[in-house]
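Let me begin by presenting the structure, written as C-alpha cells, before commenting on it.
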Amino acid sequence: MSLHLKIALISLISILLPLSSAVFLIQNPILSLILGITVSLLSILILLRIVKPLDTLLKGSQILSDGNLNYRVDIRSGDEFEKVGTSFNSMADILKKAIERLEQDKGGIQTERNTLSIVLSSVVDGIVALDTSKKVVLVNKAAEGLTGFTLSEIQGKPINQFIHFFSETEEISPKGYCATTFTQPLTLVGKDGKQNKINLLASPVPFDMQANLSCILILHDLSSEQELERMKLDFVSMASHELKTPLTNIIGYLSVFIDENKDKLNKDQFELLDHSLVSAKQLLALIENLLNVNKIERDQLSVIIEPTDIGNILTKSVEDLQNQAKQKNITLTLTSISGLPKVLADPIRIGEVVTNLVSNAINYTNPGGQVAVSSQRMGNELITTVADSGIGIPEEAIPNLFSKFFRVSNNLQKASKGTGLGLYISKSIIQKLNGRIWVESELGKGSKFHFSLPIAPQTNLGSIDSDKFVGQAIQKGALNY
Ligand SMILES: Nc1ncnc2c1ncn2[C@@H]1O[C@H](COP(=O)(O)OP(=O)(O)OP(=O)(O)O)[C@@H](O)[C@H]1O
Ligand SMILES: [Mg+2]
C-alpha cells in the first residue's frame with residue numbers, strides 16, 4: 001500500500017470515526033464501542049507502518065554518520081519508504097567507495113611526502129624555499145645545519161629576520177636573491193652570528209596560485225673545499241720552498257764549477273754539465289712559477305707600485321734573453337724606448353712579465369724568425385708590445401690562453417717544454433698593477449702580446465728614482481719574492 005493511501009486512510013478514519021460513533025452511540029452503544037476500538041486499532045497499525053520505516057531510516061543515518069559505512073537499512077514496506085531505503089543504501093555504497101578512494105589518495109600523498117622528505121634531507125646542499133613575501137616555507141636538514149635554525153623556528157617567518165647573505169661589499173637583500181646570479185662565494189650569517197662561506201644558487205619558481213612559492217635557494221657549503229684548497233696550497237708552498245734552497249745551491253755550485261774548469265773539461269764533459277745546469281735552471285723557474293701561483297691563489301701576491309722607468313726594465317730583460325735568442329738564430333730587437341714617460345708599476349714584477357712574454361716569443365718562433373719589443377704612449381697609458389713572427393695561436397685557444405696550466409695542444413707547441421703558468425702569472429701581475437694584457441695572433445704568421453700600464457702623474461713623485469724605491473723596499477723586507 002502506498003504512503004499516500006495510508007495517509008488518506010488515516011485521514012478518512014479520523015473523519016469517519018467520530019461521525020459513525022455518534023450515529024451508533026445513539027442506537028447501539030456496544031456496537032459503537034467495538035467499532036470505535038477496531039477503527040482506533042486499525043489507525044494505530046497504519047500509523048505504526050508509517051513510523052517504523054522512518055525510525056529505521058533515522059537510525060541508519062545515525063550509524064552511518066558515526067562512521068560505520070557498512071551499515072545498510074532493511075525496509076520492506078512496499079511503499080515510498082522502501083524506495084527511500086534503497087536510495088539510502090546506494091548513497092551509503094557511493095559514500096563508502098568515495099571514502100575508500102580518498103583514503104587511498106591520502107596514502108599515496110603521504111608516501112610521496114615521505115619520499116620528498118627523504119630526498120630533501122639526503123641532499124648535501126642546503127635548500128630553502130621562500131614564498132612570494134620571502135617567508136620561509138621549507139628548509140632541509142643541510143640548511144638547518146648551515147644556518148643553525150630548525151624548520152620550526154623559522155617556518156612562515158621572513159627569511160631576513162634570521163638568515164643574512166653578504167657579498168664582499170654588501171648584504172644581499174631578499175628581493176635580490178632570485179634576481180641575481182651569484183658568481184662569487186657569499187658569507188652566510190645564521191644563528192648566533194654563525195658564519196659559513198657558501199655558493200648561492202637561487203632559482204625563481206614559476207608563478208602558481210596553489211604553491212605560493214617564489215624562490216628556491218641552494219646553499220653549497222664551501223668550508224670543506226676551502227680547507228682542502230688551503231691544505232693543497234700549504235703543501236705546494238712548503239714543497240716548493242724546500243726544493244728551492246738545494247736547487248739554488250746546485251745551480252750555484254755547477255755555475256762556479258763550469259766557470260772554473262772550462263779549460264780543463266773536454267767537449268762531452270762540458271756539454272753534460274751545461275745541460276745539467278740548464279735543466280736545474282728550468283726546474284728552479286718551475287718552482288718559482290709554482291710559488292707565484294700559490295701567492296696569487298692566496299691573494300698574497302705583493303706588489304709595490306711606484307713611478308717606474310719601463311725602458312730600463314725592457315733593456316735588461318732583452319739583454320738577459322739575447323743569448324737564448326741567438327742560440328735559436330732569432331733576431332731579438334728593442335725599439336722606441338727613448339723618451340717614454342714613467343709608469344705606475346712594480347719594477348721587479350714588470351721584469352717578470354716582460355721576461356715571460358719575450359721567452360715565449362723565442363720559444364714559439366722557429367729559427368730564423370724575429371722578435372721585437374717596443375713601447376708607446378696611448379692617452380694615459382703606456383702600451384708595451386712583444387711581437388714575434390712565430391707559429392701563432394689558434395683562434396679557439398685565445399680565450400683560454402691566460403688560464404692556469406693552459407697550453408696550446410698542437411705538435412709544434414708540444415715540442416717546447418712549459419707548464420702553462422707564465423701567462424697566468426703575467427696576467428695576475430698586470431691586473432694587480434691596474435693594467436690590461438691581451439693578444440693578437442694569426443696562426444702560422446706570428447703573435448703580438450700587449451700590456452698596458454697607467455702613466456705616472458707628473459708630480460714630485462715623477463722625479464723619484466725607481467732604483468732607490470726598490471732598494472728601500474728590499475731593505476724593509478717588503479719585497480718577498
Ligand atoms: N708567442 C707565442 N706564440 C705562440 N704560442 C704562444 C706564445 N705565447 C704563449 N703561447 C701559447 O700559450 C701557452 C701558454 O703560455 P705560458 O707562457 O702560460 O705557458 P708555457 O710557455 O707553456 O709554460 P711556462 O709556464 O714555462 O711559461 C703556451 O704553451 C703556448 O702554447
Ligand atoms: Mg711561457
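When a ligand or atom number is given, it counts from 1 through the structure's own listing order. Atom set for the values below is all heavy atoms of this structure, side chains included, hydrogens, waters and symmetry mates excluded.
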Region of Phe449 engaging ligand 1 - heavy atom pairs below 4.0 Å: side chain

Hey, are Glu306 and Lys342 close enough for a salt bridge, meaning a charged N less than 4.0 Å from a carboxylate O? no

Go through the steps to decide whether Lys427 and Leu401 satisfy the test side chain to side chain contact (heavy atoms under 4.5 Å, CB included), and finish with yes or no. CA-CA 10 Å; Lys427 185 180 180 183; Leu401 209 63; over 6 Å; no

Quick check: does Asn356 have an N/O/S atom under 2.8 Å of the Mg ion (ligand 2)? no

Using a strict 4.0 Å cut-off to heavy atoms of Ser447, name the atoms of ligand 1 that fall inside it. 3 (N)

Please could you name the atoms of ligand 1 that Phe406 approaches to less than 4.0 Å, counting only its heavy atoms? 13 (C), 14 (C)

Within this structure, what is the CG-OG distance for the pair Asp346 and Ser302, rounded to the nearest 0.5 Å? 7.5 Å

Just by distance, no angles: are the side chains of Ser152 and Thr150 close enough, under 3.5 Å, to form a donor-acceptor pair? yes

Measure across Asn140 and Asp125 and return the closest heavy-atom pair with its distance rounded to 0.1 Å. ND2-O, 3.1 Å

Which atoms of ligand 1 have any heavy atom of Gly392 under 4.0 Å away? 4 (C)

Check: Gly422 N/O within less than 3.5 Å of ligand 1 N/O: yes

Any N or O of Asp388 that comes nearer than 3.5 Å to an N or O of ligand 1? yes

Scanning both residues in full, the closest heavy-atom pair of Tyr424 with Lys404 reads CD1-N, 3.6 Å

So the atoms of ligand 1 within less than 4.0 Å of a heavy atom of Ile393 turn out to be 4 (C), 5 (N), 6 (C)

Ligand 1 and Ile391, any nitrogen or oxygen pair closer than 3.5 angstrom? no

So does Lys134 have more than 12 non-hydrogen atoms from other groups sitting under 6.0 Å from NZ? yes

Have a look at ligand 1 and work out which part of Asn363, if any, has a heavy atom under 4.0 Å from it: side chain, backbone, both or neither. neither

Of the listed options Lys448, Arg407, Lys404, closest to atom 22 (O) of ligand 1 (non-hydrogen atoms): Arg407

In terms of atom number and element, which parts of ligand 1 are under 4.0 angstrom from non-hydrogen atoms of Asn289? 25 (O)

On a heavy-atom basis, I'd like to know which of Ile398, Thr419, Ile425, Val439 is closest to atom 25 (O) of ligand 1. Thr419

Using heavy atoms and a 4.0 Å limit, tell me yes or no: is Gly390 in contact with ligand 1? no

Output yes when Asp105 and Arg101 qualify as a salt bridge under the 4.0 Å nitrogen-oxygen rule, no when they do not. no

Between Glu319 and Lys316, does any NZ, NE, NH1 or NH2 come within less than 4.0 Å of an OD or OE carboxylate oxygen? no

